Amino acid sequence: MKLKGKVAAVTGAGSGIGRAIARLFAKEGASVGVIDCVKEAGGKVVDEIRAEGGEAIFVEADVSRVPHTERMIRTIVDNFGSLNILVNNAGVELVRHTWETTEDEWNRVIDVNLKGVFFSSKAAIPEITRSGGGSIINISSVNAVNGLPDLVAYSASKGGVLAMTIAMAKELAPRNIRVNAILPGAVDTPMLRVYLDAQPDPAKALEEMIDRHLIRRVGRPEDIAKAALYLASDDAEWVTGIALVVDGGYLIRF
Ligand SMILES: NC(=O)c1ccc[n+]([C@@H]2O[C@H](COP(=O)([O-])OP(=O)(O)OC[C@H]3O[C@@H](n4cnc5c(N)ncnc54)[C@H](O)[C@@H]3O)[C@@H](O)[C@H]2O)c1
């Protein structure tokens with residue numbers, strides 16, 4: 001078990017990639033704080049983890065709200081006694097051309113995807129420091145470096161996450177906290193379905209999406225969870241400030 005005795009907080013763990021990360025971390029021995037703004041979804045993931053013999057609690061929080069980020073970390077530390085790992089995974093997508101995007105839509109994307117990562121990290125840093133160091137993992141996207149035309153606000157938020165990862169890695173190295181980003185390609189989750197359903201022909205859009213990957217399938221949430229496990233574990237003890245691309249060859253395809 002690679003995370004035995006560790007305590008991990010995973011935001012957006014009620015669905016998709018976050019759910020897969022929470023389940024894998026628990027299987028590898030971590031006590032997991034399953035954080036989500038949707039109670040039923042998060043509760044179900046905790047049930048799944050416990051049924052598999054793992055340890056987890058659900059914490060309801062909206063990461064775009066600073067008091068929620070403080071409360072979620074406090075709840076996890078109160079329950080498990082410490083914090084070693086934070087996975088900033090919660091995110092929202094906005095499929096919208098720039099000229100159609102409202103100020104409220106822009107604010108929501110930035111508040112969840114960028115502000116949420118910053119303030120969740122801010123809340124976690126003193127606790128991870130107290131436990132002697134650890135790992136922060138930010139789920140960015142290939143869109144951080146190669147955005148799509150109807151994902152401009154989303155791409156900006158994910159680029160911001162990447163920039164924040166590098167700056168924070170420098171800031172936190174003296175505290176023995178490693179900070180890394182994962183850049184997934186298209187992964188089969190409810191979020192991907194929303195993107196496809198917003199296209200004129202979703203079936204054709206899926207084919208085109210698959211075609212953008214050298215390894216001709218979309219990703220599975222478990223593909224990303226395995227990368228997160230590496231970055232969370234001591235296997236990555238000399239790894240900080242990287243953008244770990246897990247994309248089936250998407251970025252080098254053309
Ligand atoms: N699916 C993909 O193709 C893909 C590709 C690259 C990056 N990503 C990123 O991976 C992460 C996870 O995406 P996913 O595909 O699993 O999406 P998803 O929609 O399946 O899951 C996202 C989860 O985050 C939760 N969430 C949303 N806003 C929240 C908030 N303000 N506070 C707390 N929880 C919140 C949702 O309730 C949901 O459970 C996101 O950051 C996303 O941008 C996804």
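Order of listing sets the numbers, starting from 1, for every ligand and every atom in it. In this text, all values refer to a predicted model and were calculated from it rather than measured experimentally.
- Looking from atom 43 (O) of ligand 1 to the surrounding protein, the closest heavy atom is Tyr154 OH, 2.6 Å.
- Ranking protein heavy atoms by distance to atom 23 (C) of ligand 1, first place goes to Gly12 O, 3.5 Å.
- Residue contacts with ligand 1 leave out Glu93, since none of its heavy atoms falls under 4.0 Å from the ligand.
- Between Val112 and ligand 1, not a single N/O pair is under 3.5 Å apart.
- Given atom 16 (O) of ligand 1, the protein heavy atom at minimum distance is Ile17 N, 2.8 Å.
- Of the polar atoms of Pro184, none of the N or O atoms is found under 3.5 Å from an N or O of ligand 1, judged by distance alone.
- When hydrogens are left out, the protein atom nearest atom 29 (C) of ligand 1 is Cys37 SG, 3.5 Å; that is the closest non-hydrogen contact.
- Residue contacts with ligand 1: Asp62 is placed with a nitrogen or oxygen under 3.5 Å of a nitrogen or oxygen of the ligand (distance criterion only).
- With respect to atom 10 (O) of ligand 1, the closest heavy atom belonging to the protein is Ile139 CG2, 3.3 Å.
- With a 4.0 Å cut-off on non-hydrogen atoms, Val92 touches ligand 1 through its side chain and not its backbone.
- What sits closest to atom 40 (C) of ligand 1 on the protein, heavy atoms only, is Asn89 O, 3.2 Å.
- Within the 4.0 Å heavy-atom criterion, neither part of Arg19 lies near ligand 1.
- Residue contacts with ligand 1 for Met209 are absent, since no atom lies close enough (heavy atoms, distance under 4.0 Å).
- Residue contact check for ligand 1: Arg108 places a non-hydrogen atom closer than 4.0 Å to it.
- The protein heavy atom nearest to atom 25 (C) of ligand 1 is Asp36 OD2, 3.4 Å.
- A salt bridge does not link Lys2 to Asp234: none of the charged side-chain nitrogens sits closer than 4.0 Å to a carboxylate oxygen.
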